[in-house]
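Data block below; observations after.
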Protein chains: 2
Amino acid sequence: MDKILSVAIEELMPDPTQPRKSFLDEEIERLAASIRARGILMPLRILRDEERRCWLIATGESRWRAARLAGLKTVPCIVVDGQPDEADLLADRVIENHVRHDLSAMDLARALAKLKLLKKCTSQQLAKELGISGAAITRAEALLSLPEDVQTLVESRAVPESTAYEISRMPDADSQRELAAAVADRRLKRDAVANAVRDRIGKRAVKPKAGRVVCRLGGGLSISISANDALDWTTIIEAIDRIRREARKLSDNGSEVQALARSLRAS
Amino acid sequence: MDKILSVAIEELMPDPTQPRKSFLDEEIERLAASIRARGILMPLRILRDEERRCWLIATGESRWRAARLAGLKTVPCIVVDGQPDEADLLADRVIENHVRHDLSAMDLARALAKLKLLKKCTSQQLAKELGISGAAITRAEALLSLPEDVQTLVESRAVPESTAYEISRMPDADSQRELAAAVADRRLKRDAVANAVRDRIGKRAVKPKAGRVVCRLGGGLSISISANDALDWTTIIEAIDRIRREARKLSDNGSEVQALARSLRAS
DNA sequence: TATTTCCCGGGAAATA
DNA sequence: TATTTCCCGGGAAATA
């Protein structure tokens with residue numbers, strides 16, 4: 001049977017014949033955090049390259065990068081035997097890339113609550129170690145506050161997890177039961193539940209930070225001004241003045257109107 | 001170093017001290033399909049139970065169930081050494097439960113297209129073998145039809161995958177570029193793009209150009225002017241003059257910037 | 001630090 | 001079979 005080899009980080013390299021991958025730094029950092037906490041659970045799958053005298057990574061390149069970042073010297077690997085062809089390698093990578101959900105929402109909620117107790121840590125610390133978001137922990141734990149009968153509906157998937165989280169924000173068990181029943185009946189979906197909850201508990205003032213003012217001038221004509229940050233009058237008026245000067249100039253030149261966009265981009 | 005053991009299916013059992021899991025039949029069936037196609041890529045992690053004289057599954061219960069369904073006699077396993085405590089086991093299961101995205105959207109698209117060629121199969125057959133949805137394959141492949149420069153925006157994640165799919169439904173490259181630029185600029189999100197596309201292709205009696213000029217002034221600031229019909233200079237300049245007068249007036253009044261939209265709508 | 005909002009990835013079911 | 005619609009899971013960033 002195959003052995004698991006402990007291979008030095010620097011003896012491994014990505015397979016050059018495989019499609020180039022792009023890695024998000026924060027994704028690798030999150031994985032590195034869980035490797036620091038628990039090590040590499042699943043061995044990489046590697047191929048021998050006799051010419052280069054090194055190992056090529058068949059699957060697990062992001063684990064390799066994260067392990068390096070985490071300061072590991074070696075990583076566990078399985079040598080892929082036989083002569084896998086390109087289709088096999090591609091198929092394996094796609095399969096590995098894909099999620100497997102072994103835990104139900106309630107299982108996850110209970111596991112996280114237990115972990116917090118056992119490790120005596122905060123939700124955020126736990127999130128970091130496990131490589132999941134703090135928001136996910138908040139939402140999972142909220143499920144445990146639901147009445148038993150509602151939890152049963154979640155367990156049976158009659159009420160989806162994200163809908164159940166919205167329900168958990170209702171202040172009393174009876175309203176929660178009522179909403180859960182409506183969802184199980186397919187009379188309400190998540191977004192409708194979220195709206196019902198907001199009506200009840202009062203909505204939060206949300207202001208988008210990206211500024212945007214849309215001015216409808218009538219007859220279908222409108223001008224919208226947008227920016228990455230909140231807009232102020234100085235920015236708005238300077239912008240309008242710029243576009244006005246340019247429009248007059250181009251109009252006098254006899255340019256066509258699309259030139260307005262081009263000329264402002266260039267300037 | 002640890003060995004990979006080939007353990008008979010019936011010598012394995014779920015760890016009774018671990019939280020009960022619920023499994024979706026269709027989830028297990030999908031996994032079984034990929035196991036039939038490519039086998040079990042990642043060994044299960046198991047613990048010895050001396051009392052019961054069998055192995056307990058630490059991680060990989062759904063792979064075990066799927067393997068049974070797929071008719072395998074044995075599965076590859078790694079024996080977890082040492083005395084992992086409950087926190088370790090729970091943490092490992094949560095980590096394993098979690099997604100790792102090794103492939104970018106464009107990488108996935110290219111890998112799927114290549115697999116279809118190599119295996120000479122339909123998208124649906126491929127979906128089944130890989131354990132992903134047919135819809136995902138349709139969407140991934142659509143990305144390959146985008147102009148190079150738009151594909152580059154997707155690769156760099158300036159345009160999200162699902163948004164890029166909506167863009168790919170626009171009938172011509174110029175509209176696609178325009179939408180992609182708006183998304184990269186954060187002027188449009190996915191749902192707005194989807195609506196724009198529906199307006200354009202749903203109404204098939206092609207609505208020839210609603211006039212629109214988008215002026216990027218730099219630093220994220222932009223002004224767009226749009227109308228139901230084609231735009232001409234007179235309309236543009238009159239519109240700009242109106243908004244300019246109003247902006248100056250409201251600015252002098254000390255109003256907040258959103259008043260600009262309201263006051264023009266009223267007038 | 002914890003919670004909530006926003007919105008993207010992607011599966012199931014409806015549709016072509 | 002392929003594509004599109006609908007909507008849930010869950011991360012990032014805003015908010016408390």
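So you know, we letter chains A, B, ... as the sequences are listed, proteins then strands, and number each from 1. Just so it is clear, the values below take in all heavy atoms, side chains as well, and ignore hydrogens, waters and symmetry mates.
- For B:Gln124, counting side-chain heavy atoms from C-beta on, the closest listed nucleotide (C:dT4, C:dG9, D:dT1) is D:dT1.
- Electrostatic pairing of A:Arg110 and A:Glu155 counts as a salt bridge here, judged by a charged N lying under 4.0 Å from a carboxylate O.
- Atom CG of A:Leu188 and atom P of D:dC6 are 18 Å apart (whole Å).
- Note: CZ (A:Arg157) to P (C:dG11) measures 15 Å, nearest angstrom.
- The nearest whole Å value for the distance from the CG atom in A:Leu153 to the C1' atom in D:dC8 is 17 Å.
- Atom-to-atom, CG of A:Asp191 to C1' of C:dC8 comes out at 14 Å; the value is rounded to the nearest Å.
- Regarding B:Arg186, its CZ atom lies at a distance of 13 Å from the C1' atom of C:dC8, rounded to whole Å.
- No salt bridge links A:Asp191 with A:Lys189; every basic N to acidic carboxylate O contact stays at or beyond 4.0 Å.
- Across D:dG9, C:dC8, D:dA2, the shortest atom-to-atom separation from the side chain of B:Lys189 is found for C:dC8.
- Within the shown strands, C:dG10 is the pairing partner of D:dC7 under the Watson-Crick or G-U definition, both distances less than 3.5 Å.
- Contact check for A:Val197 versus A:Ile167: no side-chain heavy atoms found under the 4.5 Å cut-off.
- In this model, the phosphate group of D:dT4 is approached by a side-chain N or O of B:Tyr165 to a distance below 4.0 Å at OP1 or OP2.
- Using modelled atom types, one finds a donor on one side chain and an acceptor on the other under 3.5 Å when comparing B:Ser123 with B:Lys116.
- Across all strands shown, C:dT15 pairs with D:dA2; the Watson-Crick or G-U wobble distances both stay below 3.5 Å.
- Contact check, A:Arg190 against C:dC6: no side-chain N or O comes under 4.0 Å of OP1 or OP2.
- When heavy atoms are screened at a 4.0 angstrom cut-off, B:Glu161 is found touching the sugar-phosphate backbone but no base atom.
- What separates CD of B:Glu166 from C1' of D:dC7 is a distance of 14 Å, to the nearest Å.
- B:Leu72 contributes atom CG, which lies 12.0 Å from atom CZ of B:Arg68 (distance to the nearest 0.5 angstrom).
- Applying a 4.0 Å cut-off to non-hydrogen atoms, the residues of residues 135-148 of chain B that approach DNA chain C are B:Ala135, B:Ala136, B:Arg139, listed by residue number.
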Please set out all donor-acceptor pairs under 3.5 angstrom arising from side-chain atoms of residues 144-154 of chain A, sequence neighbours excluded.
{"from": "A:Ser145", "atom 1": "OG", "to": "A:Ala142", "atom 2": "O", "distance (Å)": "2.7"}
{"from": "A:Asp149", "atom 1": "OD1", "to": "A:Arg177", "atom 2": "NE", "distance (Å)": "3.1"}
{"from": "A:Asp149", "atom 1": "OD2", "to": "A:Arg177", "atom 2": "NE", "distance (Å)": "2.7"}
{"from": "A:Gln151", "atom 1": "NE2", "to": "A:Leu144", "atom 2": "O", "distance (Å)": "3.1"}
{"from": "A:Gln151", "atom 1": "NE2", "to": "A:Leu146", "atom 2": "O", "distance (Å)": "2.9"}
{"from": "A:Thr152", "atom 1": "OG1", "to": "A:Glu148", "atom 2": "O", "distance (Å)": "3.0"}

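- Close to C:dT5, at under 4.0 Å from its OP1 or OP2, lies a side-chain N or O of A:Arg198.
- At least one side-chain nitrogen or oxygen of B:Ser133 sits closer than 4.0 Å to the OP1 or OP2 atom of C:dG11.
- Computed from coordinates, the B:Leu112 CG to D:dT3 P distance equals 13 Å when rounded to whole Å.
- Each of B:Gly134 and B:Thr163 was assigned the nucleotide of DNA chain C with the nearest heavy atom; the assignment lying further toward the 5' end belongs to B:Thr163.
- Atom CZ of B:Arg169 is separated from atom CG of B:Leu179 by 12.0 Å, given to the nearest 0.5 angstrom.
- For the pair B:Arg169 CZ and C:dT15 P, the interatomic distance rounds to 15 Å; values are reported in whole Å.
- Between B:Arg200 and B:Ser175, the side chains place a donor N or O and an acceptor N or O closer than 3.5 Å (distance only, hydrogens not considered).
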